[in-house]
Amino acid sequence: MSQSKTTAAISAVGGFVPKKILSNYDLEKMVDTTDEWIKTRTGIEERRILDIPGEGTSYLGTKAVENLLHKTNLDPKEIDLIICTTVTGDYLFPATANIISHNVGATNAFSFDIGAACSGFLYGVRTASSFLEAGTYKKVIVVGADKMSAIVDYSNRNNCIIFGDGAGAVLMEPNKEGFGVQDSVLYTDGIGKEYLLQPAGGSVKPPSVESIKNREHFIYQDGKTVFKFAVTKMAEASAEVMRKNKLTGEDINYLLAHQANKRIIDATRDRMGIDESKVLMNIQRYGNTTSGTIPLLMWDFEKKLKKGDNLILSAFGGGFTWGSIYLKWLYNS
Ligand code: UT7
């Protein structure tokens with residue numbers, strides 16, 4: 001497969017999850033819930049929590065990028081751009097990507113954050129692809145990182161059961177043999193603000209004694225409505241990218257879906273017409289790590305992915321944001 005067109009391929013993967021495990025049984029002691037309810041309604045058994053005082057999302061992202069650099073022996077000075085996708089940045093500013101760049105010694109890179117909630121990684125990969133396809137840059141890292149425990153209300157059983165902390169990073173490079181990102185469909189609908197947001201802490205409602213008292217600096221989610229949108233939109237986007245590229249379920253090797261709820265992933269699989277064995281899943285161990293879910297799937301299942309495999313990456317999240325990417329895997333590990 002040799003062609004003049006330049007595509008953007010993922011050439012390496014890194015990841016990091018903190019050591020501390022918060023199991024469903026731990027949550028049973030904190031809120032009125034059961035392991036059985038959580039497993040049946042979401043597929044989650046445990047999630048990881050970053051509990052090092054003074055460490056935020058950049059800690060997770062830095063560890064994931066360091067893991068990638070260690071695996072590839074890449075000199076961080078060769079990196080042109082680092083994109084961090086997150087909704088739990090260390091600060092409102094500066095960007096968490098800047099802190100990660102500094103921590104890993106990427107002194108020749110520029111960096112910025114993308115805030116697209118659970119679809120962040122897809123937005124990041126799509127953005128990186130444009131720079132690589134155009135020949136502007138040669139080595140771009142996309143790191144999806146979220147310390148969700150920083151904005152989760154552990155007295156609210158609707159939310160605290162689904163989220164966890166973690167980060168995954170990919171190196172993207174130009175490719176001349178047709179591997180990497182083939183196509184994408186990405187969407188936004190601002191109506192989502194009504195149903196999933198962190199109400200206080202931004203410029204509309206700066207933190208105040210009152211906002212803290214009202215617990216408005218924690219995630220607000222109307223789970224039922226978000227679920228309905230997610231089930232429909234993630235499946236639609238996956239079907240659309242397949243239709244656009246004349247792919248049937250047979251042509252797909254693996255679905256890497258945002259790990260928010262196993263029932264949403266099952267609905268997407270159903271719509272795509274693919275077998276359960278083609279769905280990569282680690283929701284049971286990490287829960288919903290927001291920007292981290294899809295790169296963490298790549299990290300966990302890297303050995304399973306083979307050169308030339310057709311992958312569909314799909315996500316739905318706050319905003320609302322959603323979409324799907326069709327990607328041809330570059331390497332055997
Ligand atoms: O990541 C990006 C976007 N986020 C998502 O994609 C999440 C989408 N939403 C969901 O995954 C689900 O809506 C949740 C997992 C958050 C909730 O599951 P659900 O099946 O939609 O539950 P529900 O909110 O419809 O509640 C059903 C029942 C209610 O009781 P009643 O009114 O039927 O008596 C809730 O009070 O379950 C109750 N409930 C719980 N019971 C035990 C809600 N949360 C819990 C809980 N433990 N943790």
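Every number for a ligand or one of its atoms is a count from 1 in the order of the listing. As a basis for the values below, the full set of heavy atoms in this structure was taken, side chains included, without hydrogen atoms, waters or symmetry mates. All values reported here derive from a predicted model rather than from experimental measurement.
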Between K139 and D80, does at least one N-O distance fall below 4.0 Å, as a salt bridge requires? no
Neighbour list for ligand 1 [protein residues, heavy atom under 4.0 Å]: D32, T33, W37, R41, T42, C118, R157, N158, I161, L196, Q221, G223, K224, V226, F227, H258, A260, N261, R263, I264, N288, F316, G317
Could you check whether atom NZ of K39 has more than 12 heavy atoms from other residues, nucleotides or ligands sitting under 6.0 Å from it? yes
Classify the ring geometry of F16 against Y59: parallel below 30°, tilted from 30° to 60°, perpendicular beyond 60°. perpendicular
Salt bridge (charged side-chain N to carboxylate O under 4.0 Å, His left out) assessment of K328 paired with D309: CA-CA 6 Å; K328 226 176 234 306; D309 276 355; over 6 Å; no
Can you confirm whether more than 12 heavy atoms, excluding those of K193, are under 6.0 Å from its NZ atom? no
Once the angle between the rings of Y137 and F110 is folded into 0 to 90°, is it parallel (under 30°), tilted (30 to 60°) or perpendicular (over 60°)? tilted
